[in-house]
Amino acid sequence: MQGANFSAVTEFILIGFSTFPHLQLMFFLLFLLMYLFTLLGNLLIMATVWKEHSLHTPMYLFLCALSISEVLYTFAIIPRMLADLLSTHHSIPFKACASQMFFSFTFGFTHSFLLTVMGYDRYVAICYPLRYNVLMSPRGCACLVAWSWAGGSVMGLVVTTAVFQLTFCGSNVIRHFFCHVPPLMKLACGNVSTVAMGVGLVCITTLLGCGVLILLSYTFIVAAILRIPSAEGRHKAFSTCVSHLTVVVVHYSFASVIYLKPKGPQSLEGDTLMGITYTVLTPFLSPIIFSLRNKELKEAVKKAFLSRLYLHSS
């Protein structure tokens, strides 16, 4: 970004929770507990996969990478949000705002790419079980994870550069609780429709592309499962996909509300509550779904940690 493109605006004011003055302490306690649970859940998943050799498989490598991206995504947004809920001074420096946008988009898109890779992993495991070890070799899996992170970083850089090369003038009040694209666009001078359309097109195309690839994977998976003669075999094959499929549904349900909602005047309260769904609620639900819906992971957690806690207490 050229120095000439930086405007006179040196900081922004975040007013996302200003319409809930009497609920801010309650929000702080609720979001703090959810954030701590999100961190604990993801760290527990990572520690279990690291500790249990039976989980050193591609599926759990991807799950570990997903947990890391989730921890970093929430770290880019929630600590700042919690601090603002306790403070009367809600300003954020210009460069800190750009950094927050970059990291939130980077880890958000990395999350989508990893979910797509996990769908491909389940497709190979069920449709080509005899070739699984060849197609999902350790080196191949590492490359898929690396490309997911690289793709997320490129997306974050493209979106952040496009937004922050604009000139901001007049009001510096962001009608949100973090540096989000739509409220920032409203503060930019001149005709920003081309940038807004380009950023929106990039985000929607990427999310829909990942969604279509996941849908295709599950179309082939369902077709392969239906060809399994025994009910027990069909149940066993499908059970390996349930947790991933549930997280995909939750992820895309909330993402579609944000990116595909009809354009028009939006209330600050509505935008704030909608923002909470994908910055706090979705990351909170993800480790719960994987821990409760994945029998192998659930048993490994019990074996690795709960049994040890029981031995120490007895």
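- Two residues are said to be in side-chain contact when any heavy atoms from C-beta on lie closer than 4.5 Å; Ile174 and Cys179 meet this criterion.
- Rounding to the nearest 0.5 angstrom, the gap separating the CG atom in Leu85 from the CG atom in Leu25 is 9.0 Å.
- Between Phe94 and Phe168, the two ring planes are perpendicular [angle over 60°; tilted spans 30° to 60°].
- Contact check for Pro283 versus Tyr278: no side-chain heavy atoms found under the 4.5 Å cut-off.
- A tilted orientation is assigned to the rings of Phe220 and Tyr123, their planes being inclined by 30° to 60°.
- Other members of the cluster containing Leu226 are Val222, with ILVMFWY side chains joined at under 4.5 Å, either directly or via other members.
- When hydrophobic side chains of Ile, Leu, Val, Met, Phe, Trp and Tyr are connected at separations under 4.5 Å, Val158 ends up clustered with Val154.
- We find the CE-OG distance between Met46 and Ser67 to be 5.5 Å, quoted to the nearest 0.5 Å.
- Using a distance-only test at 3.5 Å, with no hydrogens or angles considered, no donor-acceptor pair links the side chain of His244 to the main chain of Met118.
- Once rounded to the nearest 0.5 Å, the distance linking CG of Asp121 with CD1 of Ile126 reads 9.5 Å.
- In terms of hydrophobic clustering, with Ile, Leu, Val, Met, Phe, Trp and Tyr side chains grouped at heavy-atom distances under 4.5 Å, Val250 and Phe107 are assigned to a common cluster.
- Heavy atoms from other residues, nucleotides or ligands lying under 6.0 Å from CZ of Phe75 number 12 at most.
- Leu213 and Leu208 are assigned to two separate hydrophobic clusters, defined by single-linkage of ILVMFWY side chains at heavy-atom distances under 4.5 Å.
- The main-chain N or O of Asp84 is found under 3.5 Å from a side-chain atom of His90 such that the two form a donor-acceptor pair.
- Between His56 and His53, the ring planes are perpendicular. Angles over 60° get that label, and only those under 30° would be called parallel.
- Val280 and Leu40 are assigned to two separate hydrophobic clusters, defined by single-linkage of ILVMFWY side chains at heavy-atom distances under 4.5 Å.
- Hydrophobic clustering (side-chain heavy atoms under 4.5 Å, transitive across Ile, Leu, Val, Met, Phe, Trp, Tyr) keeps Trp149 apart from Trp147.
- In the hydrophobic clustering of ILVMFWY residues, with side-chain heavy atoms under 4.5 Å counting as a link, Phe62 and Val134 come out apart.
- Looking only at side-chain heavy atoms (C-beta outward), Phe284 and Thr74 stay at 4.5 Å or farther from each other.
- Remark: Met34 CE to Leu29 CG distance equals 13.0 Å, nearest 0.5 Å.
- Rounding to the nearest 0.5 Å gives a distance of 6.5 Å between CG of Asn172 and CD of Glu11.
- Looking only at side-chain heavy atoms (C-beta outward), Arg80 and Phe177 stay at 4.5 Å or farther from each other.
- When side chains are defined from C-beta on, Leu144 counts as touching Met136, because their heavy atoms get closer than 4.5 Å.
- Screening residues 209-238 for salt bridge (Lys or Arg N to Asp or Glu O under 4.0 Å), with sequence neighbours left out, gives no hits.
- Between the side chains of Ser87 and His89, not a single donor N or O lies within less than 3.5 Å of an accepting N or O.
- Ser112 and His251 are linked by a side-chain donor-acceptor pair at a separation below 3.5 angstrom, with hydrogens and angles left out of the test.
- Atom CD1 of Ile288 sits about 12.5 Å away from atom OG1 of Thr246, to the nearest 0.5 Å.
- Considering only heavy atoms from C-beta on, Tyr73 comes within 4.5 Å of Ser104 through its side chain.
- Between His111 and Phe113, a ring centre-to-centre spacing not shorter than 6.0 Å is recorded.
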Note to self: The test is side-chain contact (heavy atoms from CB on, under 4.5 Å); show your working for Thr106 and Ser69 and say whether it passes.
What the structure shows: CA-CA 9 Å; Thr106 292; Ser69 74; over 6 Å; no
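- Between Phe27 and Phe31, the ring-plane angle classifies as parallel under the 30° and 60° cut-offs.
- Taking the side chain as every heavy atom from C-beta outward, His176 and Thr272 never approach each other to under 4.5 Å.
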